[in-house]
Asker: 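Have a look at this one before I ask anything.
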Amino acid sequence: MAEKTLRIIKIFDTTLRDGEQSPGCSMNLSEKIKVAKKLEKLGADIIEAGFPVSSPGDLESVKAISAVIKNSAVAGLCRCLEKDIDAGREALIKAASPRIHIFLATSPVHMKYKLKMNESQVLEHAAAGVKYAKKFCNDVEFSAEDAFRSDPGFVCKVFGAAIKAGALTVNFPDTVGYAMPDEFAKRIRYVKEHTAGIDRACLSVHCHNDLGLAVANSIAAITSGADQVECTINGIGERAGNASLEELVMSLKVRRDYFGMDTRIDTAQIYSLSRLVTQVTGVKVQPNKAIVGDNAFAHEAGVHQHGVLANRETYEIMTPESIGMPKSTIVLGKHSGRHAFEQRLNELNISLNSDAFDKVFEGFKNLADKKKTVTDRDIEALVMDNITSVPETWKLDQWAVNTGSALGASGVIRLQHRDGVFEKFVAMGDGPLDSIFKAINKIIGKEPELELYELGAITGGSSSQGETMVKISMNGRRWNGRGVSTDVIESSIKAYLSAVNAMMYEMNAQENTSERLE
Ligand code: KIV
Ligand code: ZN
């Protein structure tokens with residue numbers, strides 16, 4: 001019997017826009033490019049790369065992502081304003097498939113207090129914005145911000161006007177995560193039945209997770225006829241986040257029998273992408289997070305373990321391999337050679353050029369001398385640690401701290417500048433890290449604020465590597481840093497320095513741009 005054709009749902013990923021704009025999730029340019037390339041490999045239909053007018057950094061990153069992504073459409077978010085659309089156009093100029101994504105709020109509270117516009121003004125603006133964007137870009141998406149709390153008839157009118165003006169996609173967001181699944185499904189049916197021209201447009205939804213229902217609402221919407229879902233890796237995003245891509249995609253895949261739908265996503269890329277987003281944002285997923293949490297495939301209770309050993313299907317509805325979670329086939333230790341290490345990297349979906357491979361392999365050998373077995377998490381950490389995403393303005397050479405209960409702490413550090421010069425400084429502080437960070441600040445001549453400091457162990461056991469995440473800020477800008485070492489002070493220094501290097505890189509780039517403009 002011929003197989004029933006599956007309805008394909010488009011995946012619009014907004015990790016780099018809605019995800020990145022949420023607290024603590026900022027990424028630097030090279031991290032964004034890495035995530036975008038991985039999203040392309042994953043098979044995302046559309047990658048929303050940023051909000052170009054919001055900052056020069058966002059404009060640059062949308063530009064850079066547009067230049068490298070060939071197999072996914074690249075979207076730039078714009079308010080319904082000509083200056084925003086102009087920035088979007090500039091940012092997307094090199095994109096193989098550019099999409100301008102315009103939004104304008106339609107709910108009474110947003111129109112009255114934020115936009116200070118009435119319904120007819122919003123209607124007019126929406127159509128004018130789409131018309132303006134259409135001059136530069138065929139693929140225009142229009143979003144009615146806070147659509148769920150808007151008058152349904154009014155949203156249909158605005159969507160109708162946007163489609164008439166040329167929008168190929170209309171997006172219905174539950175901006176504040178207020179909807180219930182049944183209610184949302186009904187609303188999407190209403191929109192499908194009452195919007196002029198909807199048959200020639202793609203209907204999208206964008207759900208936030210304030211009540212923990214973003215995925216349920218997105219699924220309810222696609223069963224009511226929505227063609228596209230907007231989502232993020234690990235569900236990161238404003239406040240409680242957006243619908244999680246991995247949960248949506250795996251629901252459709254695992255319950256294909258029920259939905260009769262699928263996506264173009266290569267689910268075997270999910271795990272490594274989730275890990276990459278965790279690494280670059282420093283925002284960890286909870287252990288019991290569906291699909292990608294540490295415990296998602298762990299079986300603790302004896303009765304469960306017994307069942308899984310007899311047949312995995314007793315307690316597993318999908319396999320770890322289906323999301324690309326590596327199955328350990330070899331244990332790596334100090335006797336493992338390049339070949340075994342390379343094989344493990346392949347199993348982890350990590351590809352490195354030969355220089356990077358040599359660097360990471362050397363790090364692995366050093367680590368294996370200190371630790372009996374080197375785990376997958378250790379390898380991921382080594383890769384992140386050795387493959388610096390920005391050039392190192394300052395490199396750690398040597399350090400020492402002296403600390404005790406009564407006399408405070410002193411730290412001495414020697415850094416090497418990329419010009420080759422060594423600089424050394426000694427400082428006193430309230431603890432070993434305070435003293436050493438102060439010494440670094442003296443050398444670099446800047447005093448960034450330490451906003452977040454988090455120390456964890458990569459695996460259990462006293463020989464585990466310490467992993468430190470820091471966030472520093474200056475003049476309203478934030479930078480993340482990460483460091484690993486079997487010594488927790490060294491991992492903290494590396495994390496602080498990597499954030500400092502990200503900051504120096506951005507500041508140097510800005511100085512160069514303004515010099516060019518002068
Ligand atoms: O949540 C929202 O409404 C948005 C729009 C800009 C699509 O993020
Ligand atoms: Zn949103």
Side-chain angles (χ1 to χ4, degrees), residues 10-23 25 44-55 58 62 73-81 84-85 87-88 91 99-111 113-115 122 125-126 129-130 133 139-152 154-155 158-159 162 167-179 184 187-188 191 201-215 217-218 221 226-245 248:
K10 282 191 189 169
I11 298 294
F12 177 115
D13 180 277
T14 182
T15 306
L16 295 169
R17 198 278 297 168
D18 217 326
E20 207 260 349
Q21 78 191 37
S22 63
C25 286
D45 296 282
I46 304 105
I47 299 170
E48 186 162 56
F51 188 174
V53 85
S54 66
S55 70
D58 246 49
V62 179
V74 177
L77 184 70
C78 310
R79 287 167 302 179
C80 221
L81 297 172
D84 281 39
I85 298 167
R99 172 176 293 195
I100 290 188
H101 178 192
I102 300 173
F103 73 101
L104 186 63
T106 49
S107 66
V109 67
H110 278 242
M111 289 192 292
Y113 295 104
K114 194 180 82 180
L115 300 177
V122 166
H125 257 74
V130 173
D139 187 359
V140 174
E141 169 168 338
F142 175 81
S143 281
E145 192 189 10
D146 206 14
F148 183 72
R149 291 192 303 167
S150 307
D151 174 68
F154 179 56
V155 174
V158 177
F159 276 178
L168 301 185
T169 301
V170 283
N171 180 38
F172 191 99
D174 179 16
T175 301
V176 291
Y178 185 66
F184 202 59
R187 192 67 65 85
I188 294 304
V191 170
C202 166
L203 177 58
S204 169
V205 290
H206 174 114
C207 297
H208 278 269
N209 206 29
D210 299 66
L211 293 171
L213 293 168
V215 171
N217 287 338
S218 305
D227 314 287
Q228 171 180 293
V229 278
E230 303 196 352
C231 46
T232 60
I233 299 294
N234 297 341
I236 62 171
E238 281 287 355
R239 304 180 311 279
N242 288 63
S244 118
L245 180 146
L248 277 166

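Remember, it's 1-based here, ligands and their atoms both numbered in the order they're listed. These figures come from a predicted structure and were not determined experimentally.
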Asker: What is the minimum heavy-atom distance between Ile11 and Leu245, and which atoms define it?
Answerer: CG2-CD1, 3.5 Å

Asker: Looking at Phe51 and Asp84, what are the two nearest heavy atoms and their distance?
Answerer: CE2-OD2, 3.7 Å

Asker: What is the nearest protein non-hydrogen atom to atom 7 (C) of ligand 1, stated with its residue, atom name and distance?
Answerer: Ser143 OG, 3.7 Å

Asker: Does His208 approach ligand 1 within less than 4.0 angstrom via side chain, backbone, both or neither, non-hydrogen atoms only?
Answerer: side chain

Asker: Are Glu141 and Thr169 close enough that a side-chain donor and a side-chain acceptor fall under 3.5 Å?
Answerer: no

Asker: Among side-chain atoms of Asp146 and Thr175, is any donor-acceptor pair under 3.5 angstrom?
Answerer: no

Asker: Within 2.8 Å of the Zn ion (ligand 2), is there any N, O or S atom belonging to Asp18?
Answerer: yes

Asker: At less than 4.0 angstrom from any non-hydrogen atom of Pro173, what atoms of ligand 1 do you find?
Answerer: 3 (O)

Asker: Ignoring angles and geometry beyond distance, decide whether Arg17 reaches within less than 3.5 Å of ligand 1 through its nitrogen or oxygen atoms.
Answerer: yes

Asker: Out of Thr14, Thr175, Val205, who gets a non-hydrogen atom closest to atom 2 (C) of ligand 1?
Answerer: Thr175

Asker: Rounded to 10°, how many degrees is the angle NE2/His206-the Zn ion (ligand 2)-NE2/His208?
Answerer: 100°

Asker: How far apart are the closest heavy atoms of Cys231 and Ser244, and which atoms are they?
Answerer: CB-C, 4.2 Å

Asker: Backbone or side chain, does any N or O of Asp18 fall under 3.5 Å from an N or O of ligand 1?
Answerer: yes

Asker: One thing to verify: whether Lys114 and Glu145 come together as a salt bridge, which I'm taking to mean a side-chain N less than 4.0 angstrom from a carboxylate O.
Answerer: yes

Asker: Quick check: His206 and ligand 1, any N/O pair under 3.5 Å apart?
Answerer: yes

Asker: Would you mind reporting whether Phe103 and Arg79 have side-chain heavy atoms less than 4.5 Å apart?
Answerer: yes

Asker: Give the atom numbers and elements of ligand 1 that come within less than 4.0 Å of a heavy atom of Glu145.
Answerer: 3 (O)

